[in-house]
Novice: 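This is the structure I want to talk about, given as structure tokens.
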Amino acid sequence: MQQHLARFNVDGNIEFQVDASTLTSGSITQVNFRIIYSSDSLLLHWGDMRWKRKLGTSFTSTRRDQNYKNKALRTPFVESGSSSYLKLEIDDPSIQAIVFIIFDEARNTWQNFHVKLPRKETLISNISLPEDLVQIQAYLRWERKGRYEAARAELLEEIARGTSVDDIRKKLTKKGGQEFKDSAIPEKTNTIPDDLVQIQSYIRWEKAGKPNYSPEQQLREFDEARKELQFELEKGASLDVIRKKITKGEIETKVSKPPQNKRYFSAQRTQRKQRDLMVLLNKHSVKSVEGSITAEPKPLTAVESFAKKIELDSSPVMNKKIYKFGERDVLVLVTKSADKIKIHIASDFEEPLTLHWALSEKAGEWLPPPRTVLPPGSVSLGGAAESTFSTCSFDDLPKQVQCIELEIEDGNFKGMPFVLLSGEKWIKNNGSDFYVDFSQRFKQDQKDAGDGKGTSKVLLDRIAEMESEAQKSFMHRFNIASDLMDQAKDTGELGLAGILVWMRFMATRQLIWNKNYNVKPREISKAQDRLTDLLQSTYTTHPQYRELLRMIMSTVGRGGEGDVGQRIRDEILVIQRNNDCKGGMMEEWHQKLHNNTSPDDVVICQALIDYIKSDFDISIYWKTLTENGITKERLLSYDRAIHSDPSFRRDQKDGLLRDLGHYMGTLKAVHSGADLESAISNCMGYQAEGEGFMVGVQINPVAGLPSGFPELLRFILQHVEDRNVEALIEGLLEARQELRPLLSKSSDRLKDLLFLDIALDSTVRTATERAYEELNNAGPEKIMYFTTLVLENLALSSDDNEDLIYCLKGWHHAISMCNSQSAHWALYAKSVLDRTRLGLSSKAEWYQRILQPSAEYLGSLLEVDPWAINIFTEEVIRAGSAATLSSLINRLDPVLRETAHLGSWDFLMQVVMSWDSWQVISPVEVVGVKGEEEIPDGTVAVLTPDMPDVLSHVSVRARNCKVCFATCFDPKILADLHANKGKLLRLKPSSADVVYSEVKEADLADSSNLKGDGPSSITLVKKQFGGKYAISAEEFTPEMVGAKSRNISYLKGKVPSWVGIPTSVALPFGVFEKVLADKLNQQGCLRVGPVSFIWWGVLCGFGPAPIANWYERVVEKLQILKKKLGEGDFDALGEIRQTVLQLAAPPELVKELKTKMLSSGMPWPGDEGEQRWEQAWTAITKVWASKWNERAYFSTRKAKLDHEYLCMAVLVQEIINADYAFVIHTTNPSSGDSSEIYAEVVKGLGETLVGAYPGRALSFVCKKNNLSSPQVLGYPSKPIALFIRRSIIFRSDSNGEDLEGYAGAGLYDSVPMDEEEKVVVDYSCDPLLNDGKFQQSILSSIAGAGKAVEELYRSPQDIEGVIRDGKVYVVQTRPQM
């Protein structure tokens, strides 16, 4: 006999029916499920209402079941037409009901159900119970805390008693509603009501630590709660007495909270998916920021001009404020001199004004002014006075201004309230009286706003104009920010940086949060929601700015469609009512919350919780407040001030902890975008009260989350406070990886996912910091693994993260080398560490460049405290994962250095210049550095035994001030330096060491003589033009070219055949002077772009000469600039270089150079078009102009050489697009060992090796008698390699580079015709590092080439060269200095 059990609507459009029948045996119940929905992804997730036997003993189904975590079964439905079916057979008569979930795997959706099985003695056949009746009954039960399934059971029992469906409907839907509770389902007098059982279950759940119970555990908890209450009933207590006792928590319960430290030592681990790290790559091109985005400065208004004159003519300014009234202004300016206070009030109102004013000893007070301070013509009115404005006497104001001046004795009064009267109209400050506070003091150390260079100045000026409106409330501020978002987006990176700076000033309480304005929490939440919606949209449309947008969102908070914000206002009333705490501090806080809620409320709530948990220790309350920046003064500064300390009764403790804990979630949902628990709840859907011990209902979850994601988030919440954080961090990163694909898609819930990602990011940082103590005693493998985790977290949050990803790959390779016990693992890991440190420095410099100018400009406009402006960028950096990563690698560095047997010095900051070419002469003092110190003015180098964080204050200052910052690890060297305290030392930093020696007074006198007075031991011989504009390599002689060109010519045909020599031609000595003397440059030249000469088109085959657009006499200008330079104006150096670039190329030069290049087998640039020759000519003039670069100019002066005698030839070579470039020193420069070659190798072109590019090259030594066994000394850390298309390079070749005793090499520029392409290097897949045979072959070939060149010259050589397709090319050589 078949009986209909239930019919449900799933997702509104899917009908689901459950029937039951008894088979012929009489002991087996068959349950039939039918869903009118065609899908092959439906599963039945189910179990029984007893759960005491092992799964599978009482059930059979028509298809194979899957055991789910030993707690339930999963059975797939069978499709048939438009429906899906499933049959279950239950052979255990003790089972009274089944609970199940319909789970759609494809859509990741599910819904809970409960069905009671028919009793054998009472079969109800063919009953169709309308769903709407069940819902009405469920609602009535909900009012007395019932359950949906119980409502269905009550109605079915009523039907079993013979009541028709129509009668039930009438009874339920009649006015007032009557549920089947007393009449239809009478309670026995000794039965515990369900609502009491539920309350007791909740108490048990709280005392157990709010665990996540399984369905069977939930039912068991109900049974235990019922037993406890039944025991009270049997002892003689009435239900009323039980109800009173249960609400006070006086019912004895046998549940204990599990030990908090149990999971610290048995934490589960998430199974991380294997992913290609390159899928994390973010590369977005953002235009470099130069200068500022500005508009024409606005002229000063009449009132502003008046204020400026008063400020110039008067005593120090104490207070200044301009109030806006449409197109009209009112100025209040307070100055102080001696013991007098002067108040200047001025306005550009056209109508005559009267000042209605008084004095006060406290705010809100009106006291009549003494007659002695009244201006002439004033009238006393009892409690106030009235004074008439007069026309200002200043003549040059843009328009008429009326003003009044008052003078008060200092110290007698605290302030001055006033209003203005214009005819019959009162003018007030937003409905309130104006008030001048005499106690305010002008910030003397406030920086001038400056010119806004490096900022979006127009936007920041607009923000400053709107700040007085934004101060009214968070609603106003967020709405103004929303209105400015389009302008910020159009401005780009700097515009969004401006919004970020403004919002962060707000978040750090540098700006006023609320000022005389009452606003509802839901209005704040709505404004917040509007702004975060715009940020969400921009995040989708402008991926290149996502890092900035994430930071803005984290300062703004999440908002909540208005409803969550209103809960702040509603729930505080519930807390007060439920816990009988309606007065004192709680009432003051309630009034503050009603007026204007802020992020301070999160701290206040936490302080209250800590206070109650500490057994009402008021010092704990204040400790929590002060640690989070809230002082007594701040509490009193709110519009609805909090004056009182909290004071509660002991019987309120449990209820307050429970309710304030829930309230904290509401506060964080609005104010804390990075709060993990609220962010997870917001994405997963809030659940009905009782989550954890009753089946909850999900409300508004984000759709489309990855499979298994909810379980992963539950794991995170379960372990978020673990002391052993490794498994937690793995789970956090796995969640971020799973979330990442969703963040690149447009969605109306994208911001909720972003706030979840921000919260996960933040939790990684705090969890890692919790592990520092553990890592103090950890081995290098553990620290390296933590480094990979934090670096992965940073890469997930960064826009341009290519370098970070290659660092991450490098760390994985280092760990692999360590695990395989490779001899070089520590050396390799040190190179990855150095590169990671460079990456962090680069990121810090980006933040500094983008944020700090805006912080300084806007901060000055808004009168933010100078200290907050100065450390703005540092605080932003240190709030993120970059600071955590920096701390980790600082712990690892000494370990790797010791393991790899590295040198005694490490450079936190090496100035971007050639250290080989200069020395520091300075009094020495070795200092301890913690990271917060200031570097004294004039410091050129800091030597310390400490290694401060690369992102610390002192490190940032070292980078900004270009100060060498070196850490010494050798105690002997440190002791020697200490012994030389106060002496003058000559310091010469190298790539891994600092050489120092004492300087005598005589040496100091010589070295400090920069004017070149006295004879020089070396001289320059001025070269003359030899009659040729261009020569081939066969014509290279000392009179024509420098040693660089002659050496490369000498090598050709003499080195072994496996060593390549590039083809070369040259513009010899004297060509620059000849070009300068040409009539084109003497009398003026036709100018077309960077190239200008007559008949260019005729010479190169392009037809008639292009039309010129201006004339300039280059020689005349150079003569003027050289005169300025001779007079000590060194700014002229830059102007001279720019002028040289304007030289015109004589036709004869173009013709001769073309002939020589083609005859030597080199390509002629002009054959590719006019523009290509223009590029070549610009490169040539840049080489000539480098004669006047600062380093070269001062070097010749120091050596007492006549700079006018320095001549520059230009060596022209075809560029070999190198796989690697190298520099060889055929005698080891560190040890002086002539039997050993020292060399350095970089990826790509050699400019990264010889130029000012950060990082170290691969270095190695090789014995000349054993070239097949090179020994690697260090692996590369340079993040950038340079590559170029087939092109020409123009190398400097001066007569100053030939002089013995003068280090002239490297002072002048070599310029390629085409711009090199910068490529971020991935060393993890570079065979030079990872293929032993390839490495040995390449390094041995380099050493072999060095030995061959040295033997040819019979003296130690410095050699530059490249590797292309395994072949060695030598591009230049010179004697080793």
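From a predicted model like this one, the values you see are computed outputs, not experimental measurements. We count residues from 1, following the sequence as given.
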Novice: Would you say that more than 12 heavy atoms from the other residues, nucleotides or ligands in this model lie under 6.0 Å from the NZ of Lys489, or not?
Specialist: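 Atom NZ in Lys489 is packed in, count exceeds 12.
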Novice: Does Arg462 make a cation-pi contact with Trp502, if we ask for NZ or CZ under 6.0 Å from the ring centre and within 45° of the axis?
Specialist: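 No; the conditions do not both hold, so Arg462 does not lie above the ring face of Trp502.
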Novice: Does Lys1123 have more than 12 heavy atoms from other residues, nucleotides or ligands lying within 6.0 Å of its NZ?
Specialist: no
Novice: Could you check whether Lys320 pairs with Glu863 (Lys NZ or Arg NE/NH1/NH2 to Asp/Glu carboxylate O, under 4.0 Å)?
Specialist: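 Between Glu863 and Lys320 there is no salt bridge, as every charged N stays at least 4.0 Å from the carboxylate O atoms.
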Novice: Does Gln402 use its side chain to pair, donor to acceptor, with the backbone of Glu351 at less than 3.5 Å?
Specialist: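 Confirmed, Gln402 side chain pairs with Glu351 backbone.
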Novice: Drop me the distance from Asp600's CG to Ser637's OG, to the nearest 0.5 angstrom.
Specialist: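 Output value for this atom pair is 8.0 Å.
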Novice: If you apply the rule side-chain contact (heavy atoms from CB on, under 4.5 Å), what do you find for Ser468 with Lys321, and how did you get there?
Specialist: CA-CA 10 Å; Ser468 60; Lys321 180 73 175 177; 4.1 Å; yes
Novice: Is atom NZ of Lys308 surrounded by more than 12 heavy atoms (other residues, nucleotides or ligands) closer than 6.0 Å?
Specialist: no
Novice: Between Gln852 and Ile869 (side chain of the first, backbone of the second, donor and acceptor by atom type, cut-off under 3.5 Å), is there such a pair?
Specialist: yes
Novice: Run the ring-centre check on Phe389 versus Phe349 and record whether the distance is less than 6.0 Å.
Specialist: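 No, ring centres 6.0 Å or more apart.
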Novice: Report the C-alpha distance between Leu635 and Leu625 in whole Å, list the side-chain angles of each, state the deciding distance to 0.1 Å, and finish with yes or no for side-chain contact (heavy atoms from CB on, under 4.5 Å).
Specialist: CA-CA 10 Å; Leu635 293 175; Leu625 290 179; 4.1 Å; yes
Novice: Checking the side chain of Asp799 only, and the main-chain atoms of Arg546 only, is there a donor and an acceptor separated by less than 3.5 Å?
Specialist: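 Confirmed, Asp799 side chain pairs with Arg546 backbone.
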Novice: Nearest 0.5 Å, what's the CD1-CH2 distance between Ile343 and Trp357?
Specialist: 7.5 Å
Novice: Tell me, do Phe505 and Phe872 make a side-chain contact under 4.5 Å, heavy atoms counted?
Specialist: yes
Novice: Cys403 versus Leu331: any side-chain heavy-atom pair under 4.5 Å?
Specialist: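 The answer is no, as the side chains (C-beta and beyond) never meet within the 4.5 Å cut-off.
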Novice: Spell out, as yes or no, whether a donor-acceptor pair under 3.5 Å connects the side chain of Glu523 to the backbone of Lys520.
Specialist: yes
Novice: Does Glu1190 reach the side chain of Phe1130, with side-chain heavy atoms less than 4.5 Å apart?
Specialist: no
Novice: Does any part of the side chain of Ser473, heavy atoms only, come nearer than 4.5 Å to the side chain of Ile524, both counted from C-beta?
Specialist: no
Novice: Quick one: closest heavy-atom pair of Leu858 and Gly498, and the distance?
Specialist: CD2-O, 4.3 Å
Novice: Regarding Asp601 and Lys592, does a basic nitrogen lie under 4.0 Å from an acidic carboxylate oxygen?
Specialist: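 A salt bridge is present here (some side-chain N lies under 4.0 Å from a carboxylate O).
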Novice: Under 3.5 Å, is there a donor on one side chain and an acceptor on the other for Glu386 and Thr354?
Specialist: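 Short answer, no.
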Novice: Tell me whether Trp513 contacts the main-chain N or O of Phe474 through its side chain, where contact means a donor paired with an acceptor under 3.5 Å.
Specialist: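 Checking the backbone N and O of Phe474 against the side chain of Trp513, no donor-acceptor pair under 3.5 Å is found.
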Novice: Hey, can you tell me if Trp426 and His356 have their rings parallel, tilted or perpendicular (30° and 60° cut-offs)?
Specialist: perpendicular
Novice: Could you walk me through whether Phe438 and Phe413 satisfy the ring pair (Phe, Tyr, Trp, His ring centres under 6.0 Å) test, starting with their C-alpha distance in whole Å, then the side-chain angles of each, then the deciding distance to 0.1 Å, before giving a yes or no?
Specialist: CA-CA 8 Å; Phe438 297 161; Phe413 297 96; 8.0 Å; no
Novice: Evaluate the criterion side-chain contact (heavy atoms from CB on, under 4.5 Å) for residue pair Leu397 and Asp348; output intermediate values, then yes/no.
Specialist: CA-CA 11 Å; Leu397 297 178; Asp348 57 357; over 6 Å; no
Novice: For the residue pair Leu636 and His643, what are the closest heavy atoms and their distance?
Specialist: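 It is CD2-ND1, 3.2 Å.
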Novice: Check each of Ile499, Leu500, Thr532 against Val556 using the side chain to side chain contact (heavy atoms under 4.5 Å, CB included) test, and report the only one that passes.
Specialist: Thr532
Novice: Nearest heavy-atom pair of Tyr435 and Ser360: which atoms, and what distance?
Specialist: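 Nearest pair, atom of Tyr435 first, then Ser360: OH-OG, 3.0 Å.
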Novice: Considering all heavy atoms of both residues, which atom of Pro369 and which atom of Ala384 are nearest to each other, and what is their separation?
Specialist: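 Pro369 and Ala384 have their closest heavy atoms at CD-C, 4.0 Å.
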Novice: Any donor and acceptor pair, going by atom type alone, linking the side chain of Arg504 with main-chain N or O of Thr555 inside 3.5 Å?
Specialist: no
Novice: Counting N and O atoms only, with roles assigned by atom type, does the side chain of Asp529 sit under 3.5 Å from a partner on the main chain of Ser525, one being a donor and the other an acceptor?
Specialist: no
Novice: Under the criterion side-chain contact (heavy atoms from CB on, under 4.5 Å), I'd like the reasoning laid out for Asp329 against Lys324: C-alpha separation, chi angles, the key distance, then a yes or no.
Specialist: CA-CA 5 Å; Asp329 296 340; Lys324 296 286 185 180; 3.1 Å; yes
Novice: Please report the shortest heavy-atom distance between Met416 and Ala358, naming the atom on each side.
Specialist: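 That closest heavy-atom pairing would be CG-O, 3.0 Å.
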Novice: I need the minimum non-hydrogen distance between Gln510 and Asp865, along with the two atoms involved.
Specialist: OE1-N, 3.6 Å
Novice: Looking at CG of Leu496 and CE of Met485, how far apart are the two atoms once the value is rounded to the nearest 0.5 Å?
Specialist: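 The CG atom of Leu496 sits 5.5 Å away from the CE atom of Met485.
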Novice: Is the side chain of Thr301 donor-acceptor paired with the backbone N or O of Glu304 at a distance under 3.5 Å, no angle test?
Specialist: yes
Novice: Does any N or O in the side chain of Gln528 come within less than 3.5 Å of the main-chain N or O of Phe478, such that one atom is a donor and the other an acceptor?
Specialist: no
Novice: In Å and rounded to the nearest 0.5 Å, what is the CG to NE2 distance from Leu406 to His344?
Specialist: 9.5 Å
